[in-house]
Asks: 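Can you read through this structure? Questions will come right after.
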Amino acid sequence: MDSASLRFIHVVAAVITDARGRVLLARRGDGRDLAGLWEFPGGKREPGEAPEQTLVRELQEELGITVQVGAPIMRVPHLYPDKRLLLDIRRVTAWKGVPRGMEGQALAWVEQDKLGRYPMPDADKPVVAVLQQPDRYLVTPEPGADHAAWLVGVAAALADGVRRVQLRARNLDGDPAWPALAAQAVALCHKAGAQVLVNSTAKLARELGAGLHVRGDQLERLSARPLLPGTAFAASCHSLEQLRRAEELGCDFVTLGDVRATVAHPEQPPMGWETFAGLREQVSLPIYATGGLGIADLAEARQHGAQGIAAIRGLWPYAAASSR
């Protein structure tokens, strides 16, 4: 069946946290689609309702609480065999009453770092990633002749709050200087509590105790995950086939683009947000939007289902690095 002919459902759901930072999940009851799975509480938007109205009504009916709806967190488009779903996640900033399963559903208050232990519908999984993982993924520019200045740039990005970094140096491929320089950058990242991945080379990643980020063409040639679970593994994707392969191999997250035209690839037509969302809806991986993006695009990226943005120019602190 053509996906365009499937019924469309707009669901508005909530991230509700208690004073301890735990998140409220609800279990789908017997007789419902995806019975037994845990989800963020909410429900279907009715014709003529604003999303905020939907959430207030649904949480009153399902949990017996009156809520104050806060800022949007993200919107996740997802394609199921029988429907196209848009999961619209909002933060609840306050509520009155005691949450209870008004329809007999089980509830659980879950610590954020344990959300992944609860089996969930595919549409809810990217929301867990947004709650647990960084919204920015820095890809380092090629190191120039001044390696010390490049390391200053890495340190400045970490000071700016970047907590996920990909070390990429294609101009030093095969150069014996690169492992030593990368080791210094890895040490900076670990000291700042940031996750760090090395581009393309699994052997170097293992030697440095870092994760691995592979190109799309490398991804297609892999027969198995090259690193053990628990060590970050990511990939650059540009097509649905690559996204599905990344999911099969157990990538922890991917990048997808180019969303906009870039200086690095001026000949490559940008895919735009509509195409990005159309690809996003067919997998449940955390996906960073990439290609001509910066911090100012983060909210828009989240509204199309992205984990956040991945960038070189948009995240590299040129001014900070050059002033030190």
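Positions are given from 1, in the same order as the sequence printed here.
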Asks: Could you walk me through whether Val12 and Val69 pass the side chain to side chain contact (heavy atoms under 4.5 Å, CB included) test, one step at a time?
Replies: CA-CA 11 Å; Val12 189; Val69 181; over 6 Å; no

Asks: Please name all residues satisfying salt bridge (Lys or Arg N to Asp or Glu O under 4.0 Å) with Asp135, sequence neighbours left out, ordered by chain then number.
Replies: none

Asks: Do the side chains of Arg245 and Glu220 get close enough for a salt bridge, i.e. N-O under 4.0 angstrom?
Replies: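 Answer for the salt bridge query: no.
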
Asks: Under the 3.5 angstrom rule, does the side chain of Thr290 hit a backbone N or O of Gly257 as a donor-acceptor pair?
Replies: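 No; judged by distance alone, with no hydrogens or angles, the pair does not exist.
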
Asks: Working to the nearest 0.5 angstrom, can you tell me the gap between Cys237 SG and Arg244 CZ?
Replies: 12.5 Å

Asks: Can you tell me if Glu281 uses its side chain to pair, donor with acceptor, with the backbone of Arg84 under 3.5 Å?
Replies: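 Not at all, since once roles are kept as given, no pair shorter than 3.5 Å links the two residues.
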
Asks: Calculate, to the nearest 0.5 Å, the distance between atoms CG and CZ belonging to Leu34 and Arg27 respectively.
Replies: 12.0 Å

Asks: Whether Asp18 and Arg20 form a salt bridge (side-chain N of Lys/Arg under 4.0 Å from carboxylate O of Asp/Glu) is what I want to check.
Replies: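 Result for this pair is no, no salt bridge flagged.
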
Asks: Under a single-linkage definition using a 4.5 Å side-chain heavy-atom cutoff for Ile, Leu, Val, Met, Phe, Trp and Tyr, are Met74 and Val92 assigned to the same hydrophobic cluster?
Replies: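 Met74 does not cluster with Val92.
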
Asks: Should Leu208 and Leu167 be marked as a side chain to side chain contact (heavy atoms under 4.5 Å, CB included) after you check the CA-CA gap, both sets of side-chain angles, and the distance that decides it?
Replies: CA-CA 12 Å; Leu208 299 181; Leu167 304 179; 5.7 Å; no

Asks: Under a 3.5 Å distance rule, please check whether Arg280 uses its side chain to pair with a backbone N or O of Val283 as donor and acceptor.
Replies: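 Indeed, once roles are kept as given, a pair shorter than 3.5 Å links the two residues.
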
Asks: Using modelled atom types and a 3.5 Å cut-off, is there a donor and acceptor pairing between side-chain atoms of Gln166 and backbone atoms of His213?
Replies: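 Answer holds: no.
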
Asks: Of all heavy-atom pairs between Thr54 and Gly43, which one has the smallest distance, and what is that distance?
Replies: CG2-O, 3.7 Å

Asks: May I ask you to test the Arg302-Pro72 pair for a side-chain heavy-atom distance under 4.5 Å?
Replies: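 Not in contact.
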
Asks: With a 3.5 Å distance limit and no angle check, can you tell me whether Gln282 reaches the backbone of Gly278 through a side-chain donor-acceptor pair?
Replies: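 Checking the backbone N and O of Gly278 against the side chain of Gln282, a donor-acceptor pair under 3.5 Å is found.
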
Asks: CE/Met120 to OG/Ser284 distance, rounded to the nearest 0.5 angstrom?
Replies: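 Answer rounded to 0.5 Å: 12.0 Å.
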
Asks: Could you tell me whether Asp82 and Arg7 make a salt bridge, using a distance below 4.0 angstrom between a side-chain N and a carboxylate O?
Replies: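 Salt bridge: yes.
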
Asks: Does Arg45 reach the main-chain N or O of Glu49 with its side chain, forming a donor-acceptor pair under 3.5 Å?
Replies: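 Present.
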
Asks: Can you give the donor-acceptor pairs under 3.5 Å from side chains of residues 98-115 to other protein atoms, not counting sequence neighbours?
Replies:
unit_1: Arg100; atom_1: NH1; unit_2: Val98; atom_2: O; d: 3.4
unit_1: Gln105; atom_1: OE1; unit_2: Glu103; atom_2: N; d: 2.9
unit_1: Gln105; atom_1: NE2; unit_2: Glu62; atom_2: O; d: 3.1

Asks: Between Tyr288 and Tyr137, how do the two ring planes meet: parallel, tilted or perpendicular, split at 30° and 60°?
Replies: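 If you compare the ring of Tyr288 with that of Tyr137, the planes turn out tilted.
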
Asks: Count I, L, V, M, F, W, Y as connected when their side-chain heavy atoms are under 4.5 Å apart, and connections chain through other members. Are Val11 and Val130 then in the same cluster?
Replies: yes

Asks: So which atom in Ala157 and which in Leu315 form the shortest heavy-atom distance, rounded to 0.1 Å?
Replies: CB-O, 4.4 Å

Asks: Short question: side chain of Thr262, backbone of Gly292 - any donor-acceptor pair under 3.5 Å?
Replies: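 No; zero donor-acceptor contacts below 3.5 Å.
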
Asks: In terms of side-chain geometry, is the basic nitrogen of Glu58 or Arg90 positioned less than 4.0 Å from the acidic oxygen of its partner?
Replies: no

Asks: Please name the pair of heavy atoms, one in Pro179 and one in Leu204, separated by the smallest distance, quoted to 0.1 Å.
Replies: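 Residues Pro179 and Leu204, closest heavy atoms: CB-CD1, 4.0 Å.
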
Asks: From Thr231 OG1 over to Asp252 CG, what is the distance, rounded to the nearest 0.5 angstrom?
Replies: 9.0 Å

Asks: For Arg225 and Gly230, which heavy atoms make the closest approach, and how far apart are they?
Replies: NH2-N, 4.3 Å

Asks: Check whether any side-chain heavy atom of Thr255 lies under 4.5 Å from a side-chain heavy atom of Val139, and answer yes or no.
Replies: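 With C-beta onward as the side chain, the pair stays apart.
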
Asks: Sub-3.5 Å donor-acceptor pair from the side chain of Asp88 to the main-chain atoms of His10, do we have one?
Replies: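 No, the answer is negative, given that no donor and acceptor are paired below the 3.5 Å cut-off.
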
Asks: How about Tyr80 and Leu6: do any of their side-chain heavy atoms sit closer than 4.5 Å?
Replies: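 SC-SC contact between Tyr80 and Leu6 ruled out.
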
Asks: What I'd like to find out is whether the side chain of Gln242 reaches to under 4.5 Å of the side chain of His238, using heavy atoms alone.
Replies: yes

Asks: Can you list the residues that meet the salt bridge (Lys or Arg N to Asp or Glu O under 4.0 Å) rule with Lys203, with sequence neighbours excluded?
Replies: Glu207

Asks: Give a yes or no on whether a salt bridge exists between Asp173 and Arg170, defined as a side-chain N under 4.0 angstrom from a carboxylate O.
Replies: no

Asks: Measure the spacing between CG of Leu256 and CZ of Phe276 and express it to the nearest 0.5 Å.
Replies: 5.0 Å

Asks: Going through the distances and angles, do Phe40 and Val128 end up as a side chain to side chain contact (heavy atoms under 4.5 Å, CB included)?
Replies: CA-CA 10 Å; Phe40 296 94; Val128 173; 4.0 Å; yes

Asks: Taking a hydrophobic cluster as the set of Ile, Leu, Val, Met, Phe, Trp and Tyr residues connected by side-chain heavy atoms closer than 4.5 Å, whether directly or through intermediates, do Val154 and Trp178 fall within one such cluster?
Replies: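 The answer is yes; both residues are in one hydrophobic cluster.
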
Asks: Are Tyr118 and Glu39 close enough that some pair of their side-chain heavy atoms sits under 4.5 Å apart?
Replies: no

Asks: Any side-chain donor paired with an acceptor under 3.5 Å for Thr66 and Gln60?
Replies: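 Distance-only check passes for Thr66 and Gln60.
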
Asks: So which atom in Arg136 and which in Gly161 form the shortest heavy-atom distance, rounded to 0.1 Å?
Replies: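 Between these two residues, the closest heavy atoms are NH2-O, 3.6 Å.
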
Asks: Under 6.0 Å from the NZ atom of Lys44, do we count more than 12 heavy atoms belonging to anything else shown?
Replies: no

Asks: Keeping Glu300 on the side-chain end and Asp297 on the backbone end, is there a donor-acceptor pair under 3.5 Å?
Replies: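 No, because the side chain of Glu300 does not come within donor-acceptor range (under 3.5 Å) of the backbone of Asp297.
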
Asks: Closest approach of Val186 and Ala210, non-hydrogen atoms and distance?
Replies: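 The pair with the smallest heavy-atom distance is CG2-CB, 4.3 Å.
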
Asks: Answer yes or no: is there a donor N or O on one side and an acceptor on the other, between the side chain of Arg28 and the main chain of Asp33, under 3.5 Å?
Replies: yes

Asks: Working to the nearest 0.5 angstrom, can you tell me the gap between Leu293 CG and Arg313 CZ?
Replies: 13.5 Å

Asks: Report, as yes or no, whether the 6.0 Å neighbourhood of atom CG on Asp146 holds more than 12 heavy atoms from other residues, nucleotides or ligands.
Replies: yes

Asks: Let me have the donor-acceptor pairs involving side chains of residues 187-197, under 3.5 Å, with sequence neighbours excluded, atom names and distances please.
Replies:
unit_1: Gln195; atom_1: OE1; unit_2: Arg164; atom_2: NE; d: 2.6
unit_1: Gln195; atom_1: OE1; unit_2: Arg164; atom_2: NH2; d: 3.0

Asks: Going by side-chain heavy atoms closer than 4.5 Å, which hydrophobic residues are tied to Leu222, directly or by a chain of links?
Replies: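 Leu212, Val214, Leu219, Leu227, Phe233, Leu249, listed by chain and number.
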
Asks: With sequence neighbours left out, write down each residue that passes salt bridge (Lys or Arg N to Asp or Glu O under 4.0 Å) with Glu241, or none if nothing qualifies.
Replies: none

